Amino acid sequence: MSVSENQGFNTRAVHAGQAFEPRTGAVVPPLHFSSTYAQDGIGNLRDGYEYGRGGNPTRDALQEQLAALERGTHAYSFSSGLAAEDSLIRALMRPGDHIVLGNDAYGGTYRLISRVLGEWGIGNTPVDMSDLDAVQAAAAANKTRFVWVETPSNPMMKITDIEALAQVAHDAGALLIVDNTFASPYLQTPLDLGADVVVHSTTKYIGGHSDVVGGAIVVKDAELAEKIGFVQFAVGAVSGPMDAFLTTRGLKTLGVRMDRHSDNAQAVAEWLLERPEVEAVLYPGLPSHPGHELAKKQMKKFGGMISVQFKGGEAAARKVAESTSVFTLAESLGGIESLMNYPSEMTHASVKGTELAVPVNLIRLSCGIEDVEDLIADLEQAFTHIQ
Ligand SMILES: *Cc1c(COP(=O)(O)O)cnc(C)c1O
């Protein structure tokens, strides 16, 4: 079947880009590994396919699915989230241009922008994105081309008003880029709220099973799409066919997974809130969270990520991080299995000592889809290890 934009999220997730194969009727479209395509006479291509870096039907199917779910017109699939970000910046920025980004941006994003692209003349100013006056001032102070936000942010779980930020960015003559990795398109569609570009690490919720690394860019403007598509082809950081297939398969179940991730995280966050060892629970689903009302407005649910700060400081946080067994101590997030992370030394080690540094008494939980009683029991036993 072909998919219409009026259909529900889960219908689009299952069917967009997934029409059955016409010759055999195979319900799951075949996986295309071929790196090149036969031509019917010189330059006479079948359906535009010429060479695997430029086009591959399995990658195209994923791109169609991504565009349908993020409410964009064009999507591009990359070999990793950072490859997508690198291509996006090189497609749309030039030396002397500036990025205003969140002061708790994903560490790898900040490393790419500051340490790699900084050398090529791209400037940056980290600010608190939930403070729109600060964003406005930072954007006006430079030749700002991008305002770049993660909401919820990683790992401080701050919520930014996407609609209001789009206005601030556009008034400054900049584009609003939203890294939608934490929310996923099931919980929030930034292009509907005025954002110009959505980027993803599809490694996380979209892939959803911790078995494939990938990234994506989605836009709703043909001119931006053409520039990004050209760089994707010209620099070649494309996803391979097997990666694209695994990502498509994960994406089909995103809605049911996100419902379960969100319900589990809500219950875990409420349990954490009652614990005497805990100094703060950072989860937008809690009424005490400063971004709760805003999150209710722009998100469907509150997602599977929680950060927790301990009264016992670094020692308590490290002890809990190393004492769970259902939660696996590992980087990354968004898979069906629960993961435990100590950002200061793991995911965010690259921003240690900078203004993006993460508090040392903080752990980050990626709540999986296991039975929530088992997640809580695991945390309860880990807490007994705190002195
Ligand atoms: C993981 C992550 C990235 C980077 O993606 P990779 O697939 O690891 O390259 C970017 N942004 C956020 C929010 C992430 O969590």
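Remember, it's 1-based here, ligands and their atoms both numbered in the order they're listed. Predicted model only: the values in this text are computed from it and were never measured.
Under a 3.5 Å cut-off, the side chain of D378 and the backbone N or O of F327 do form a donor-acceptor pair. The backbone N or O of T202 lies less than 3.5 Å from no partner atom in the side chain of H200, so there is not a single donor-acceptor pair.
Remark: R364 is not positioned above the aromatic ring of Y342, lacking an NZ or CZ atom under 6.0 angstrom from the ring centre and at most 45 degrees off the axis.
When only non-hydrogen protein atoms are considered, atom 4 (C) of ligand 1 lies nearest to Y106 CE2, 3.4 Å. Ranking the protein heavy atoms by distance from atom 15 (O) of ligand 1 puts K204 NZ, 2.8 Å first. Shortest contact from atom 12 (C) of ligand 1 to any protein heavy atom: D179 OD2, 3.4 Å.
Y186 and D259 form a side-chain donor-acceptor contact under 3.5 Å, judged by distance and modelled atom types alone.
Here W271 and F383 bring their ring centres to under 6.0 angstrom of each other. A ring-centre distance under 6.0 Å is not found for Y106 and F182.
Taking a 4.0 Å cut-off on heavy atoms, E85 registers as neighbouring ligand 1. The closest approach between any non-hydrogen atom of G334 and ligand 1 is not below 4.0 Å.
For ligand 1, the polar-atom distance check finds no N/O of V213 at less than 3.5 Å from any of the ligand's N/O atoms. The shortest N/O to N/O separation between F182 and ligand 1 does not fall below 3.5 Å.
Grouping the Ile, Leu, Val, Met, Phe, Trp and Tyr side chains by contacts below 4.5 angstrom, directly or via other members, places L333 with L362.
Counting the atoms of ligand 1 from 1 in the order shown, those under 4.0 Å from a heavy atom of T203 are 7 (O). Near S201, meaning under 4.0 Å from any of its heavy atoms, are these atoms of ligand 1: 1 (C), 2 (C), 3 (C), 4 (C), 5 (O), 6 (P), 7 (O). Of all the atoms in ligand 1, the ones that sit under 4.0 Å from a non-hydrogen atom of G214 are 7 (O).
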